[in-house]
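First comes the structure, then the notes that go with it.
By convention in this document, chain letters (A, B, ...) are assigned in the order of the sequence lines, proteins followed by strands, and residues within each chain are numbered from 1.
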Amino acid sequence: MASIVSYGSYIPRFRVEGGEISRVWGRDLRVGVMTKAIPGPDEDTITMATESARNCLRSVDLDLGKVRALYIGSESHPYAVKPSGTVVAEALGITPDLYMADLEFACKAGSTAIIICSSQVDSGLIEYGLAIGADKAQSSTVDELEFATGSGAASFLIGKKGIVDIESMKSYTTDTPDFWRRDVQKYPSHGGRFTGEPAYFRHVTECAELLMSTMGTEAKDFKYAVFHQPNLKFPSSVGKKLGFKEEQLRPGLLVPEIGNAYAASSLLGLTAALDASEPGDRVLLVSYGSGAGSDAFQLYVNDEIVKFREVKNSRGIRNTSSYIEEKEVLDYSIYAKYSGRYRI
Amino acid sequence: MVGPSRIWREAPSRYRFLGNRCTVCEEVYFPPRQICPKCRRASIGRMEPIQLSGNGEVVTYTVVYDPAVGHELLTPYILAIVKLDEGPRVTSQIVGAGLSEIMIGSRVKTVLRKLREEKGGGEDGGSGDGSGVITYGYKFVLDGQS
């Protein structure tokens with residue numbers, strides 16, 4: 001199967017603390033998110049996707065003309081009609097001989113982009129494809145979501161031979177209305193407790209088990225596991241249920257520091273887990289998108305990651321932990337301004 | 001109002017710092033020019049595109065407290081003249097840096113950001129009413145960020 005040739009991440013530098021949101025509204029609806037990442041007022045899904053993709057492409061020496069597909073998964077494409085990917089592709093200089101589409105499947109649209117790119121590589125249609133998950137996560141005020149939603153982007157260059165082999169992938173899909181945003185609505189709505197057992201837990205668990213039973217693997221065969229992270233409890237619980245230990249989850253569990261970056265959530269977790277991986281490690285990735293579905297991947301980190309990391313470091317390309325560490329904490333009023341909550 | 005045709009025309013330079021060079025005198029231009037103002041007629045047909053690095057150095061800067069229309073959410077913001085490593089100078093915002101972090105001589109690198117959002121009906125406006133076209137383009141961050 002195809003392989004991850006390179007990856008890059010981007011997390012905006014601004015943060016707001018859960019305690020600050022709680023102070024303003026007089027309610028504490030924190031769900032294990034200590035700080036959430038906030039984009040500047042001039043940042044959106046397109047700009048964050050571009051920055052993560054630039055980090056991804058700068059980490060390898062590649063004729064950009066060979067990148068012939070680009071798919072961006074997001075819940076916050078700036079336009080309802082007009083693709084985000086055209087701007088990103090133009091900014092990367094990979095147009096016009098290009099397969100391109102914006103994807104939407106709530107928080108799993110980015111991992112679905114990996115499936116499409118891998119399939120196109122495996123079929124021989126393209127040599128390289130770029131899969132991106134990016135979101136400027138929306139949430140209404142005084143809602144659990146406001147305490148949890150973050151922002152960021154992660155990009156993966158998929159090709160035949162790379163640094164992380166995709167050994168297997170599975171998707172699990174049902175019609176489960178746990179979280180939605182209707183046309184022209186600014187913020188999403190959700191089904192409260194219904195987002196748990198019948199939605200997140202069913203899809204993530206079933207999809208992971210389907211993958212592992214097909215491959216004959218168990219939790220102990222993986223160095224790390226990364227699950228979609230809408231809050232701290234869900235990925236921790238599902239990991240435990242599937243037999244993973246805390247140390248297998250910790251490197252890819254970013255939600256306490258950056259919040260739920262929707263379509264970038266599990267993919268940013270994967271970049272952090274890969275940053276910590278060594279040759280020979282296996283990594284499990286399971287995304288979740290409301291509506292609902294999960295994508296699961298069994299990944300094998302091969303020897304090439306050592307050379308990749310040397311090149312990346314020598315070029316000063318930042319890893320995910322560097323983005324998490326560099327932050328500027330905002331008070332609620334500036335966060336509200338940056339989030340477009342004031343009418344000017 | 002900035003029309004879609006202008007955004008489209010300027011995209012290669014605004015999105016990815018595509019400049020050009022006079023192959024007669026080797027002067028580099030950004031944004032790209034039709035002819036070299038030094039070599040004039042001799043440069044016709046001899047200007048070639050060049051991909052600029054997007055890296056440079058702050059020549060001078062100011063802090064804007066009375067914003068241009070459409071920049072209210074960013075105020076106060078840093079507006080700088082940046083000398084690109086290839087030679088040309090550009091005027092642009094420095095973002096993601098505190099007012100005390102920026103200095104003359106600071107090394108900077110380019111990032112893609114939203115430049116403005118057009119309101120519907122041809123009027124420039126604040127954070128936009130959500131109906132107009134969005135213009136993207138380069139800004140700078142301190143080197144080591146982004």
What do you reckon, is [atom1] of [X] surrounded by more than 12 foreign heavy atoms closer than 6.0 Å?
X: B/Trp8; atom1: CH2; value: no
X: A/Arg182; atom1: CZ; value: no
X: B/Lys38; atom1: NZ; value: no
X: B/Gln34; atom1: CD; value: no
X: B/Arg89; atom1: CZ; value: no
X: B/Asp66; atom1: CG; value: no
X: A/Arg341; atom1: CZ; value: yes

Check [X] against [Y] and note the closest heavy-atom contact, atom names and distance.
X: A/Glu90; Y: B/Ala11; result: CG-CB, 4.4 Å
X: B/Val133; Y: A/Tyr79; result: CG2-OH, 3.3 Å
X: A/Arg54; Y: B/Tyr15; result: NH2-O, 2.7 Å

Donor-acceptor contact present, side-chain B/Arg113 to main-chain A/Thr47, <3.5 Å: no
First locate atom [atom1] of [X], then atom [atom2] of [Y], and finally report the distance between them rounded to the nearest 0.5 Å.
X: B/Glu117; Y: A/Asp44; atom1: CD; atom2: CG; result: 8.0 Å
X: A/Glu43; Y: B/Leu112; atom1: CD; atom2: CG; result: 10.0 Å
X: A/Tyr342; Y: B/Leu73; atom1: OH; atom2: CG; result: 10.5 Å

With a 4.5 angstrom heavy-atom cut-off, is it the side chain or the backbone of B/Thr75 that approaches chain A, or both, or neither? backbone
Only one of A/Thr50, A/Asp42, A/Ile46 forms a side chain to side chain contact (heavy atoms under 4.5 Å, CB included) with B/Tyr136, so which one is it? A/Ile46
